[in-house]
Amino acid sequence: MSIAKTYLPKEAEEKWYNYWLQHNFFRSVPDEREPYTIVMPPPNVTGVLHMGHMLNNTIQDVLIRRARMQGKNACWVPGTDHASIATEAKVVAMLKEQGISKADLTRPEFLKYAWEWKEKYGGIILEQLKKLGASCDWDRTRFTMDPELSEAVTDTFIHLYKKGLIYRGIRMVNWDPQGKTAVSDEEVIRKEVNQKLYYIKYKVVSDELSMMSESLATHHSPLSAHYLTIATTRPETIMADAAICINPNDERYLHLHGKKVFIPLINREIPVILDEYVTMDFGTGCLKVTPAHDLNDYELGQRHNLPVIDILNDDGTLNDKAQILIGEDRFAARKKIAVMLEEAGALDKVEEYKSQVGFSERTNAVIEPKLSMQWFCKMGEMAKPALDYVLNGEIKLIPEKFINTYRHWMENVRDWNISRQLWWGQQIPAYYLPNGQYVIAKTIEEALEQAKAIDPKFTVNDLTQDEDVVDTWFSSWLWPISVFDGFKDPDNADINYYYPTNDLVTAPEILFFWVARMIMAGHEFKGDLPFRNVYLTGIVRDKQGRKMSKSLGNSPDPLDLIEKYGADGVRVGMLLCSPAGNDLMFDESYCEQGRNFFNKVWNAFRLVKGWEVDDNLSNPNQIAIDWFGSRFNQALVEIDGDFAQYRLSEALMTTYKLVWDDFCAWYLEMIKPAYQQPIDRETYNSTIAFFENVLKVLHPFMPFITEELWHDELFGERTAMDCCIVAQLPINGEINARLLADTEMVKQIITQIRNIRNAKQISPKEALPLSVKSNSGVDYLTYKAIITKLGNISELTLVNDKVSGAGSFLVSTDEFYVPLNENVDPAAEAERIHKEKEYLNGFLKSVNAKLLNERFMSNAKPEVIEIEQRKKADAEAKLKILDESLSSLAN
RNA sequence: GGGAGUUUAGCUCAGCUGGUUCAGAGCAUCUGCCUUACAAGCAGAGGGUCACUGGUUCGAACCCAGUAACUCCCACCA
């Protein structure tokens with residue numbers, strides 16, 4: 001029977017994923033085993049898989065599969081997030097294409113469209129995750145707007161309101177004119193932008209000409225006495241100015257104290273006010289105060305009792321209060337007003353200027369500070385315990401460097417604006433009464449009851465529910481609890497069993513958005529932390545270090561990659577380039593390496609599969625078997641250590657080398673029978689057992705090929721449920737250190753023999769004799785079988801004297817001679833030995849320098865001194881042998 | 001402006017408490033091989049002033065100080 005030279009993943013992937021599903025291997029229900037739980041950071045319901053998801057979910061799947069194979073009850077809860085602003089924006093855009101405007105729809109009509117959209121596209125990303133091999137318990141799939149989860153949102157809102165942690169108030173908020181909603185501080189991304197700084201002249205209202213000329217005489221400011229000049233990046237907001245502010249200590253402007261000025265173009269009179277807030281050396285030292293459109297100006301306005309003139313509509317266009325350019329977009333208005341100012345002679349100059357501008361994280365629109373009535377959640381009280389969990393180590397952040405950032409944020413946390421002027425999401429459970437009061441209630445019936453307590457005359461018709469919905473994160477911060485119905489049914493078996501969860505794998509970008517708030521919610525609503533470890537992955541970047549993004553077009557399509565390299569290849573590729581806690585420079589070649597790796601495993605399988613066993617043979621290669629057994633156990637310890645520290649990349653690399661180098665390149669070569677020769681039963685059985693163990697350690701990284709091979713008859717009969725996915729990882733076994741060390745020497749011998757072949761152009765097929773002068777006492781005859789096989793040695797003999805005219809090398813202090821047909825050139829040999837001596841002498845010198853240094857001898861630890869002494873003795877022994885060789889060459 | 005981090009081979013990264021021949025791994029490169037498991041491979045080899053400058057120490061990639069470059073987070077200077 002011939003087996004394909006290369007493994008074709010596609011068919012196997014589909015077959016085994018379905019098999020796992022059918023046999024409920026991903027399913028988890030509470031039982032007596034130790035739970036291991038991960039809740040998946042829910043991707044946006046309308047999103048598609050990108051490289052960040054690939055990385056994230058590969059890591060989660062590796063952890064989950066490993067836990068499952070360690071006998072834990074592994075539960076990975078998948079789900080999606082309703083992502084209110086992003087989804088609503090998409091639905092609005094979709095409707096617009098159909099010629100439907102959101103404004104023409106009622107709330108229920110709009111929501112109907114939104115749900116249809118969700119039903120249509122909502123499952124895509126989860127389906128894509130299946131291609132990757134994600135072993136989630138799909139029966140537990142949740143959506144943040146599932147009825148139970150929405151109910152949890154309402155309940156927690158009420159809970160926090162009753163506790164006084166939620167309040168309503170007029171505040172300056174971050175307004176997204178595209179999404180037409182407020183967003184939280186965390187959802188504003190500041191970017192440096194090239195802007196223009198406009199210097200605009202405001203005419204001073206003056207009553208006496210004489211005073212003016214006096215000012216002219218005494219002040220040599222760049223400003224005309226008739227005017228003062230302000231600098232602004234936002235000339236379109238001058239119509240909303242309520243004052244000009246100067247620093248009272250600014251000597252240049254003493255003459256302006258108590259004056260008034262005209263706003264250019266509209267000629268409205270505003271006062272000049274004094275406040276030390278103004279920096280004298282920035283711009284002109286004159287600041288236009290626009291309380292409606294700047295947070296600082298707002299606060300300044302509050303202090304000075306200035307009116308708030310809001311000239312912007314919700315969509316960022318100018319309203320009639322602007323008097324001019326009504327209906328124009330703010331950016332169009334900016335350009336036009338610059339021209340108008342210029343024409344009016346009110347524009348002094350324009351400078352290039354770099355400054356930070358806030359953008360909406362979801363729509364990328366420029367954020368507009370806007371005064372509005374919003375709901376807020378107080379954070380201070382909840383932040384304290386959430387900070388403690390991390391500081392005292394109950395929750396570990398991996399890597400630890402994020403602790404500082406986390407602490408800084410938690411110590412400076414501001415209240416959270418939780419209301420959004422959207423329809424897609426959980427509507428705020430506030431009901432307004434005709435008298436302006438409101439009540440907070442779970443249902444309108446309950447609201448009515450409360451209303452009646454205020455005034456029995458109220459009816460349902462008097463109640464109006466708040467139009468707004470809560471921030472998406474106000475539902476996802478409940479995720480680790482709500483997916484287990486911990487609100488609806490706080491004492492149910494699931495929540496009691498799975499909560500707190502074990503590991504959370506997510507991106508550092510949402511440490512504050514989400515992770516911190518989940519910790520707060522966990523403490524507030526469950527009195528316990530939501531998870532014990534937070535693994536913060538890096539950002540997936542391209543080879544040049546740029547963040548992968550749609551607009552740059554530098555992100556490969558994950559599904560194409562899977563198509564090309566197989567899911568196993570892509571998984572390995574992702575992990576190969578993702579050291580713990582660092583960004584990863586992704587390159588397709590990593591996936592190629594992953595593919596090559598599973599192909600290597602496939603071919604090892606082909607080799608073993610082809611062997612015939614002869615029960616009459618009784619010459620097992622016991623040394624090889626013992627050695628690989630030890631080596632395997634040693635690798636297990638290393639892998640365990642890597643996982644314990646969440647060094648997944650290294651765990652994979654340790655596994656990679658174990659399989660490729662130790663198993664394939666060394667072990668299989670050691671025991672491989674000659675072409676078309678049978679193998680003995682014992683070696684065969686051991687090899688099969690090793691291979692099965694290899695499949696196990698590989699499985700978390702490469703689930704598909706390992707499951708495929710697992711079921712081959714090579715490994716014997718399998719029952720339906722006997723699958724690699726639930727096989728138990730081997731427990732750390734015996735490690736024979738001596739054997740491992742000796743084998744390393746044997747490997748060196750073989751490498752040296754190969755080197756001689758290379759140098760002398762001798763074919764590997766040509767058998768060579770080997771003589772050993774063992775000075776160390778190692779009995780090389782023990783390893784005769786391996787040395788003769790891998791070195792293709794015709795005869796291994798022990799000698800007491802040097803062999804002249806042969807190729808030679810040293811391993812440790814043992815001498816090896818390979819007699820060759822042609823005589824070795826003594827001069828060349830002498831040169832080689834001289835070089836080696838030179839190196840050893842240099843080495844010896846540095847060792848001696850230490851040993852002769854009194855301070856070293858008195859300060860260094862005894863074991864360090866001992867090591868140095870051993871080095872010295874070793875070098876001296878080698879030098880002695882080399883000298884002997886030299887003199888025997890001379891003879 | 002404040003804070004954190006990074007800098008080790010061509011690339012991506014290990015290097016844990018300062019002490020083995022400590023300067024490592026994988027990939028890439030080079031040389032030789034189509035050797036009956038695998039050319040997606042095999043065998044071998046060559047790559048480094050550990051960013052820079054000083055200091056501490058018997059001893060520094062590692063500790064300290066400073067410098068430079070890059071990255072991230074936070075922050076209301078128009």
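Note on naming: letters A, B, ... go to the chains in the order of the sequence lines (proteins, then strands), and numbering restarts at 1 for each one. Here the structure is a predicted model, which means the values were calculated and not measured.
A salt bridge is absent between A/Lys370 and A/Glu368; no separation between the charged side-chain nitrogens and carboxylate oxygens falls under 4.0 Å.
Residue A/Trp660 is classed as a sugar-phosphate contact, given heavy-atom separations below 4.0 Å to backbone atoms only. Backbone-only contact: A/Thr751 has heavy atoms under 4.0 Å from sugar-phosphate atoms and none from a base. As judged by a 4.0 angstrom heavy-atom cut-off over every strand, A/Gln676 is placed among residues making no nucleic acid contact. Residue A/Arg414 is in sugar-phosphate contact alone, with no base atom involved, counting any heavy-atom pair closer than 4.0 Å across all strands shown. When heavy atoms are screened at a 4.0 angstrom cut-off, A/Thr232 is found touching the sugar-phosphate backbone but no base atom. Using a 4.0 Å heavy-atom criterion, one finds that A/Leu287 contacts the bases of the nucleic acid, with or without backbone contacts as well. Contacts of A/Leu840 with the nucleic acid, taken as non-hydrogen atoms under 4.0 Å apart, include base atoms. Looking at heavy-atom distances under 4.0 Å, A/Lys288 makes no contact with the nucleic acid at all. Counting any heavy atom pair closer than 4.0 Å across all strands shown, A/Asn755 reaches sugar-phosphate atoms only and no base atom. Heavy atoms of A/Thr6 sit under 4.0 angstrom from at least one base atom. A/Tyr353 comes within 4.0 angstrom of sugar-phosphate atoms only, judged by non-hydrogen atoms across all strands, and of no base. When heavy atoms are screened at a 4.0 angstrom cut-off, A/Val608 is found touching no nucleic acid atom at all. Nucleic acid contact class of A/Phe605 (heavy atoms, under 4.0 Å, all strands): none. Using a 4.0 Å heavy-atom distance criterion, A/Arg754 is classed as a sugar-phosphate-only contact.
Taking only distance into account, the side chain of A/Glu669 meets the base of B/rA37 through a donor-acceptor pair shorter than 3.5 Å. For B/rC38, its base never sits under 3.5 Å from the side chain of A/Lys5 at any donor and acceptor pair. The base of B/rC73 is not paired with the side chain of A/Thr405 by any donor and acceptor separated by under 3.5 Å. In this model, no side-chain donor or acceptor of A/Asn853 finds a partner on the base of B/rC58 within 3.5 Å.
Checked against B/rA37, B/rG19, B/rC27, the side chain of A/Ala860 finds its nearest nucleotide in B/rG19. Comparing B/rU36, B/rG5, B/rC38 against the side chain of A/Tyr675 picks out B/rU36 as the nearest. Considering only side-chain atoms of A/Phe512, the nucleotide from B/rC74, B/rG19, B/rC42 that sits closest is B/rC74. Considering only side-chain atoms of A/Asn296, the nucleotide from B/rU12, B/rC76, B/rA78 that sits closest is B/rC76. The side chain of A/Asn758 approaches B/rA43 more closely than any other nucleotide in the set B/rA43, B/rA25, B/rC76. Checking B/rA4, B/rU35, B/rC58 against the side-chain heavy atoms of A/Pro764 singles out B/rU35 as nearest.
Relative ring orientation between A/Tyr7 and A/Trp602 is described as tilted, the plane-to-plane angle lying within the 30° to 60° band. Note: A/Phe628 and A/Phe663 have tilted aromatic rings, judged against thresholds of 30 and 60 degrees for the angle between ring planes.
For A/Arg606, no side-chain nitrogen or oxygen approaches OP1 or OP2 of B/rA37 to under 4.0 Å. Residue A/Lys600 places at least one side-chain N or O under 4.0 Å from the OP1 or OP2 atom of B/rC42. Contact annotation: A/Arg647 side-chain N/O to B/rG15 OP1/OP2 distance is under 4.0 Å.
What separates CG of A/Asn404 from P of B/rC72 is a distance of 18 Å, to the nearest Å.
Within the 3.5 Å criterion, the main-chain N or O of A/Lys845 finds no donor-acceptor partner in the side chain of A/Lys872.
Regarding the sugar-base torsion, B/rG47 falls in the syn class, its angle being within 90° of 0.
Nearest-nucleotide positions on RNA chain B place A/Lys878 closer to the 5' end than the other of A/Lys878 and A/Tyr656. Each of A/Arg870 and A/Phe597 was matched to the nucleotide of RNA chain B holding its nearest heavy atom; the match closer to the 5' end belongs to A/Arg870.
To the nearest whole angstrom, the two C1' atoms, one in B/rC22 and one in B/rC62, are 11 Å apart.
Nucleotide B/rC11: paired with B/rG26 (Watson-Crick or G-U wobble, both distances less than 3.5 Å).
In this structure, A/Met745 and A/Ser812 have side chains that are in contact, with non-hydrogen atoms separated by less than 4.5 Å.
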